[in-house]
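Letters go in sequence order (proteins before strands), and every chain restarts at 1. Remember, it's a predicted structure, so these values are computed and weren't measured experimentally.
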Amino acid sequence: MKVVYFAWVRERIGKAEETVEPPAAVRTVGDLIGWLSTRGDEYAYAFETPKVIRAAIDHTHVRPDTVIAGAREIAFFPPMTGG
Amino acid sequence: MKVVYFAWVRERIGKAEETVEPPAAVRTVGDLIGWLSTRGDEYAYAFETPKVIRAAIDHTHVRPDTVIAGAREIAFFPPMTGG
Amino acid sequence: MTYNVTIRIQDADFDVSSEIAALTASRTDIGAVVTFSGICRGSEGSGDATTALTLEHYPGMAEAEIARHADEAMNRWPLTGLTIVHRVGRILPGENIMVVLTASAHRQAAFQAAEFLMDYLKAHAPFWKREETAGGSSWIAAKTDDDDAAARWDKN
Amino acid sequence: MTYNVTIRIQDADFDVSSEIAALTASRTDIGAVVTFSGICRGSEGSGDATTALTLEHYPGMAEAEIARHADEAMNRWPLTGLTIVHRVGRILPGENIMVVLTASAHRQAAFQAAEFLMDYLKAHAPFWKREETAGGSSWIAAKTDDDDAAARWDKN
């Protein structure tokens with residue numbers, strides 16, 4: 001499963017993308033944030049306030065309770081500031 | 001008193017402006033429309049439906065009951081279609 | 001803080017980018033510019049194709065009315081400036097009739113002021129359009145919609 | 001009836017007049033074009049002067065999100081077309097960040113669609129702004145106002 005990061009989430013983690021293989025117990029977007037947070041201080045820092053983290057699966061915005069099964073690309077990023 | 005006409009009011013009357021001296025009993029814009037209407041068929045045609053006629057005194061929109069005393073220039077025209 | 005308010009009534013066409021550049025020149029407090037371009041359509045809905053519009057205005061009053069509405073917009077919204085250019089004379093389908101530009105730090109003020117100015121211009125500015133078609137020419141009737149649109153900005 | 005929908009994400013600046021010309025070319029059913037230009041301000045309100053903004057986006061998703069909102073605007077209002085150009089990369093104060101154009105026979109549709117697109121772009125399009133000041137650089141925080149503005153278009 002490919003995971004991509006943007007803006008300060010990318011900067012805190014120190015990479016723009018990676019491939020991860022979470023255990024089967026990680027079912028939802030929220031679960032994945034929790035699991036990623038355990039992978040090191042940089043992840044814990046990036047995800048320290050989960051409620052501000054936005055997520056997308058295959059280019060579509062999703063909520064923390066969205067199931068990740070079948071996802072090709074999951075993105076994590078801060079609230080958007082375009083326009 | 002200078003009176004000016006625009007759009008189809010001007011076309012129906014056949015002139016763009018003129019100087020008129022209405023009698024003292026002509027006190028309001030509505031009175032003036034009534035008095036002008038008696039000046040000939042072209043005026044009667046121009047003012048045949050007084051409620052669609054708009055008026056301005058010295059470049060400011062006014063209502064039929066506005067008193068015309070002191071006016072330098074009174075304008076009559078159809079509803080506006082700018083923009 | 002200075003304000004840029006420009007009002008022009010002219011025969012000539014205009015260029016929207018140039019008007020934006022003039023409105024925003026040498027200032028960095030503008031985050032939003034809204035423009036509204038009114039364009040001559042090839043049909044006014046009567047069925048016959050429009051071959052041209054001819055715009056007439058009331059010189060002196062048109063400038064005064066627009067200036068009064070421009071002042072009201074500047075007072076009601078935190079604008080850095082606005083520009084209104086209205087053409088008169090003969091205009092062909094596809095050509096510009098008029099443009100309103102509003103500039104502000106933020107988008108809401110720019111959008112609201114532009115809509116306000118357009119609603120007022122449509123209902124209150126002394127301009128009249130005559131339409132030419134293959135069958136002749138006639139004055140375009142005002143829309144009651146435009147009066148309603150303008151009235152929504154009236155203060156109680 | 002054909003529709004002109006153009007979406008571009010690019011480093012280069014754009015010209016609003018050229019975008020209007022492209023949106024209205026060879027058609028005479030357009031009476032109204034609204035443009036919204038978002039411009040880099042010299043201050044984000046933090047007190048420090050902004051020396052530049054750097055815009056990052058999520059390639060692929062940004063295009064898809066904008067296209068989805070463009071389709072929604074085309075479905076909700078009687079538009080003849082719309083254009084959205086959003087720049088990415090480093091942008092200096094006074095420079096363009098993005099532009100939205102909407103074209104319609106009548107002004108109300110053009111205004112409403114432009115506001116809708118701007119509210120959605122601000123709240124939902126995956127772009128992020130980093131601000132440089134003399135003291136360093138930091139990511140600009142999202143405004144809850146923008147979420148509220150976007151939510152007003154949600155259908156019940």
**Student:** Which of the residues D:Ala103, D:Gly94, D:Ala32, D:Ala149 is involved in the greatest number of heavy-atom pairs with chain C at under 4.5 angstrom?
**Tutor:** D:Ala32
**Student:** Could you check which of C:Ser18, C:Gly31, C:Gly42 has the highest count of heavy-atom pairs closer than 4.5 Å to chain D?
**Tutor:** C:Gly31
**Student:** Who among C:Cys40, C:Pro93, C:Ser17 has the most heavy-atom pairs with chain D under 4.5 Å?
**Tutor:** C:Ser17
**Student:** Nearest 0.5 angstrom please: C:His106 NE2 to D:Arg41 CZ, how far?
**Tutor:** 4.5 Å
**Student:** Count the heavy-atom pairs under 4.5 Å between each of D:Ser26, D:Ser37, D:Ala25, D:Ala114 and chain C, then report the option with the highest count.
**Tutor:** D:Ser37
**Student:** To the nearest 0.5 Å, what is the distance between CG (D:Asp15) and CG (C:Asp15)?
**Tutor:** 7.0 Å
**Student:** Checking heavy atoms, do the side chain of C:Ala105, its backbone, both or neither come under 4.5 Å from chain D?
**Tutor:** both
**Student:** Look at D:Val100, D:Thr24, D:Val34, D:Leu101 and state which one has the largest set of heavy-atom pairs under 4.5 Å with chain C.
**Tutor:** D:Val34
**Student:** With chain D as the partner, which of C:Val16, C:Thr35, C:Ile30, C:Asp119 has the greatest number of non-hydrogen pairs under 4.5 Å?
**Tutor:** C:Thr35
**Student:** Counting only non-hydrogen atoms closer than 4.5 Å, does C:Ala110 touch chain D with its backbone (N, CA, C, O), its side chain (CB onward), both, or neither?
**Tutor:** neither
**Student:** Which heavy atom of C:Arg107 sits nearest a heavy atom of D:Asp146, and at what distance?
**Tutor:** NH1-OD1, 3.1 Å
**Student:** Could you look at C:Ile20 and say if it's the side chain, the backbone, both or neither that has a heavy atom under 4.5 Å from chain D?
**Tutor:** side chain
